[in-house]
Amino acid sequence: GFEGNTTLLFRSCIQSPELPLNLSIELHKKIEMYNRAKIPTEALRLRIGIHSGPVFVVNDVLGNKNIWGPGIIIARRIMDIGNDGHILLS
């Protein structure tokens with residue numbers, strides 16, 4: 001299986017802290033619709049961890065901008081606790 005780690009950073013989260021949760025719910029709905037036409041071995045499985053901790057813009061080893069910090073680490077740990085279809089918040 002494939003395991004990906006995608007992080008979304010929203011400047012508007014200060015005014016709308018529910019935005020990451022709403023996006024996660026919509027993403028789960030779209031993936032559920034996509035999976036209806038797939039056999040189980042081809043279905044996408046998704047779990048999401050959301051944390052509101054600090055993150056920093058850094059350059060990765062290829063010189064690309066990326067984000068990193070305690071907020072990312074904790075979100076990943078929270079995500080690891082969940083099962084397919086879970087959205088976990090801290």
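Residue numbers count from 1 along this sequence.
Looking at residues two or more places apart in sequence or on another chain, you find a salt bridge (charged side-chain N to carboxylate O under 4.0 Å, His left out) between K29 and E26. Not counting sequence neighbours, E42 has no partner by the salt bridge (charged side-chain N to carboxylate O under 4.0 Å, His left out) test.
To the nearest 0.5 Å, the span separating CG on L23 from NE2 on H28 amounts to 10.0 Å. The distance from the NZ atom of K65 to the CG atom of D60 is 10.5 Å, given to the nearest 0.5 Å. With rounding to the nearest 0.5 angstrom, the CZ atom of R36 is 7.0 Å from the CE atom of M33. We find the CD1-CG distance between I31 and L46 to be 4.5 Å, quoted to the nearest 0.5 Å. To the nearest 0.5 angstrom, N35 atom CG is 5.0 Å from L44 atom CG.
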Please table the atom pairs, donor to acceptor, closer than 3.5 Å between any side-chain atom in residues 81-90 and protein atoms at least two apart or in another chain.
residue : atom : partner : partner atom : Å
D84     : OD2  : R45     : NE           : 3.1
H86     : ND1  : N83     : N            : 2.9
S90     : OG   : H51     : ND1          : 2.4

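Side-chain heavy atoms closer than 4.5 Å link hydrophobic residues (I, L, V, M, F, W, Y) into clusters, and following such links, even through other members, never connects L19 to I50. Both Y34 and I48 belong to a common hydrophobic cluster when Ile, Leu, Val, Met, Phe, Trp and Tyr are linked at side-chain heavy-atom distances under 4.5 angstrom.
The shortest heavy-atom contact between F56 and G69 is CD1-CA, 4.0 Å.
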